[in-house]
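Encoded as structure tokens, the structure appears first; notes follow it.
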Protein chains: 2
Amino acid sequence: MDTLETRELRYFLAVAEELHFGRAAERLGMAQPPLSRAIQQLERRLGVALLTRNRRGVALTGAGEVLLHEGRAALDAATAAARRTRRAGGADAPGGSGNRLVLAVKAAAAHDLLQKLLDAYAAQPDAAEIEVLPSGMCEQEEMLRDGRADVALMHAPFDSLAGFDSEELMREGQIAVLPAGHPLAARRTLTLAEVGDIPGLPLARWPRHGVYPPGPGPEIRDQTQLAQLIALGRTVTVFPESARSWLWAAHATVPVTDAPPVVTHIAWPPHSRSVALAGLIRTATGL
Amino acid sequence: MDTLETRELRYFLAVAEELHFGRAAERLGMAQPPLSRAIQQLERRLGVALLTRNRRGVALTGAGEVLLHEGRAALDAATAAARRTRRAGGADAPGGSGNRLVLAVKAAAAHDLLQKLLDAYAAQPDAAEIEVLPSGMCEQEEMLRDGRADVALMHAPFDSLAGFDSEELMREGQIAVLPAGHPLAARRTLTLAEVGDIPGLPLARWPRHGVYPPGPGPEIRDQTQLAQLIALGRTVTVFPESARSWLWAAHATVPVTDAPPVVTHIAWPPHSRSVALAGLIRTATGL
DNA sequence: GCCCTGTCATACCCGGCGGGTATCACCGAA
DNA sequence: TTCGGTGATACCCGCCGGGTATGACAGGGC
């Protein structure tokens with residue numbers, strides 16, 4: 001009566017994202033007519049218009065926008081429930097809820113901290129097995145939300161901690177990473193404005209939630225590619241200090257004085273009850 | 001494949017809470033055999049044992065515990081999606097997502113602050129309609145989670161803000177509320193230890209998440225009952241200072257020096273995108 | 001020891017509904 | 001005008017969710 005079936009949510013989200021019944025149906029692996037009907041039934045059940053089908057395409061109504069956000073959260077929660085339950089499956093120790101934790105980490109970020117954390121936790125007597133799940137740029141949020149991960153290392157202000165519990169682990173400044181031979185590499189400090197306005201050396205751009213910000217610089221896919229482009233003198237970037245651990249000889253670094261500090265947090269879904277997770281958090285905050 | 005149907009969640013939660021297939025089926029308004037079968041199918045689909053059916057009753061496995069927590073969150077999210085979408089339904093202003101907000105408030109708490117907030121917000125040019133939803137003691141969390149409310153006033157450390165975004169609005173000390181004639185009413189200050197150990201005047205107990213803490217004092221249902229019992233000299237309590245706004249002539253108050261301060265927050269689900277909500281939060285923090 | 005009771009599982013049947021195919025109605029562009 | 005592309009409608013079918021009847025099994029009372 002007042003709860004939505006996940007099938008309805010899946011269908012609506014597909015249509016709301018594609019804004020096209022045919023493509024949405026294809027994505028769902030079904031035919032278009034039953035999808036149309038399902039959406040109509042959903043609208044009738046809710047007593048609300050979700051989509052406006054006008055000439056040439058489909059658009060979301062206000063209520064449709066709401067359902068797009070809320071529905072995504074609900075669907076993530078449902079798949080998270082399935083995944084976490086499955087993961088807790090093998091371990092049937094009474095009381096304990098699973099002896100394996102999945103930790104999502106941005107690839108090549110906070111490497112030293114991660115190493116220390118894993119070592120310290122593994123030394124605990126009742127340590128669970130930790131699976132490190134490398135993730136893309138801002139993917140940890142999503143992974144925590146849909147249950148692919150149980151806990152994550154996240155970096156404010158890049159990642160949003162909204163909706164998670166978290167503890168601060170480390171705070172560091174940022175540095176500009178330049179080609180070794182560049183004139184500015186001789187400077188003792190730089191400002192964001194200076195780094196962003198180097199003639200012939202545009203700032204690298206990497207995706208935030210799947211989209212690249214506008215600008216002249218190259219679009220970065222992974223850290224290796226970024227390192228190479230900098231070494232070749234094609235781009236420049238601003239990174240947390242801990243990036244020094246993966247720099248090449250062909251790189252130079254200069255502190256950026258007015259860049260906001262990068263704060264590494266350990267974050268987890270707020271309703272978590274696992275003892276293994278509690279142990280990991282305790283270890284992390286005690287470092 | 002890797003997502004649970006809300007029907008499955010409803011069924012499992014009913015069984016997990018009742019720990020009895022027959023009663024769970026009755027609560028769900030269905031017969032017992034199909035429920036048994038549905039749970040078996042769920043276990044097979046997940047590849048995980050959720051319940052141990054031994055002689056005389058049912059118990060949760062570790063994985064079952066996990067699904068109990070995660071599933072409740074997922075089901076709440078699904079019903080929240082339905083409710084909020086329905087609520088946004090009437091208002092179909094392009095871009096805007098609904099022009100009505102439901103604000104959950106603990107009955108008779110922070111009355112002055114609430115009055116100021118409502119007045120200030122109503123004075124805004126683009127103010128949405130605010131529906132004030134009175135809630136029980138720790139019910140606001142649940143209401144925000146399952147979509148009955150869009151935003152809430154919550155009181156740390158009584159309510160848990162975990163999983164919500166929030167802003168601090170007010171911080172206040174606590175006072176002991178005593179019968180007017182009581183000897184201790186003449187004191188200038190009291191400590192928690194003193195209030196908790198008054199001969200013949202036990203501390204009132206009110207429910208935290210549905211259960212009453214143990215103790216000799218009376219179990220309180222609502223504020224009026226509490227006020228009456230105090231006036232009659234049957235109990236005593238410690239309350240935030242703002243409780244003064246609803247006290248009777250037969251009550252006396254004494255500051256409690258070592259009670260933790262009570263912090264009133266405005267809290268909302270972290271993924272909210274509504275402009276009306278943003279306006280209310282701006283108004284609240286600007287008070 | 002018996003039977004009886006309470007519990008969950010099994011067996012079987014049926015109706016509804018979710019999904020498929022074929023087709024229509026509509027609009028915009030050539 | 002016609003044609004391509006869109007979503008909606010019509011109709012059919014098979015599956016599965018739900019019901020009833022019954023079984024299996026373990027305790028507790030007499």
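Side chains included, hydrogens not; waters and symmetry mates left out as well; all remaining heavy atoms used.
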* Structure fact -> Between the CD1 atom in A:Ile266 and the CG atom in A:Leu103, the distance rounded to the nearest 0.5 Å is 6.5 Å

* **First encountered from the 5' end of DNA chain C, between B:Pro34 and B:His20** => B:His20

* Distance only, no hydrogens: is a donor on one side chain within 3.5 Å (strictly under) of an acceptor on the other, for B:Ser36 and B:Gln32? -> yes

Rounded interatomic separation in angstrom, taking [atom1] from [X] and [atom2] from [N]:
X: A:Ile39; N: D:dT6; atom1: CD1; atom2: P; result: 17 Å
X: A:Gln32; N: C:dC26; atom1: CD; atom2: C1'; result: 14 Å
X: A:Glu5; N: D:dG17; atom1: CD; atom2: P; result: 11 Å
X: A:Leu35; N: C:dC17; atom1: CG; atom2: P; result: 19 Å
X: A:Tyr11; N: C:dG19; atom1: OH; atom2: C1'; result: 8 Å
X: A:Arg44; N: C:dC17; atom1: CZ; atom2: C1'; result: 13 Å
X: A:Leu42; N: C:dG19; atom1: CG; atom2: P; result: 13 Å
X: B:Arg10; N: D:dG17; atom1: CZ; atom2: P; result: 13 Å

* For B:Arg7, report the nucleic acid contact type (base, sugar-phosphate, nothing); a contact means any heavy atom under 4.0 Å. => sugar-phosphate

* To do: Looking at every strand, decide which applies to A:Gln41 at a 4.0 Å heavy-atom threshold: base, sugar-phosphate, or nothing.
  => sugar-phosphate

* Asked: Taking 4.0 angstrom as the limit, do A:Arg72 and A:Glu142 come out as a salt bridge?
  -> no

Can you identify which nucleotide, out of [options], has its nearest atom closest to the [X] side chain?
X: B:Ser36; options: C:dG19, D:dG18, C:dC8; result: C:dC8
X: B:Gln40; options: C:dC8, C:dT10, D:dG17; result: C:dT10
X: B:Ala31; options: D:dG19, D:dG7, C:dG20; result: D:dG19

* Structure fact -> Closest non-hydrogen contact found for A:Thr85 with B:Ala63 is CG2-O, 3.7 Å

* Asked: Reckon A:Arg37 has a side-chain N or O less than 4.0 Å from the OP1 or OP2 of D:dT9?
  -> no

* To do: Give the intermediate values and the outcome of side chain to side chain contact (heavy atoms under 4.5 Å, CB included) for residues B:Met154 and B:Glu141.
  => CA-CA 8 Å; B:Met154 300 177 78; B:Glu141 292 176 49; 3.4 Å; yes

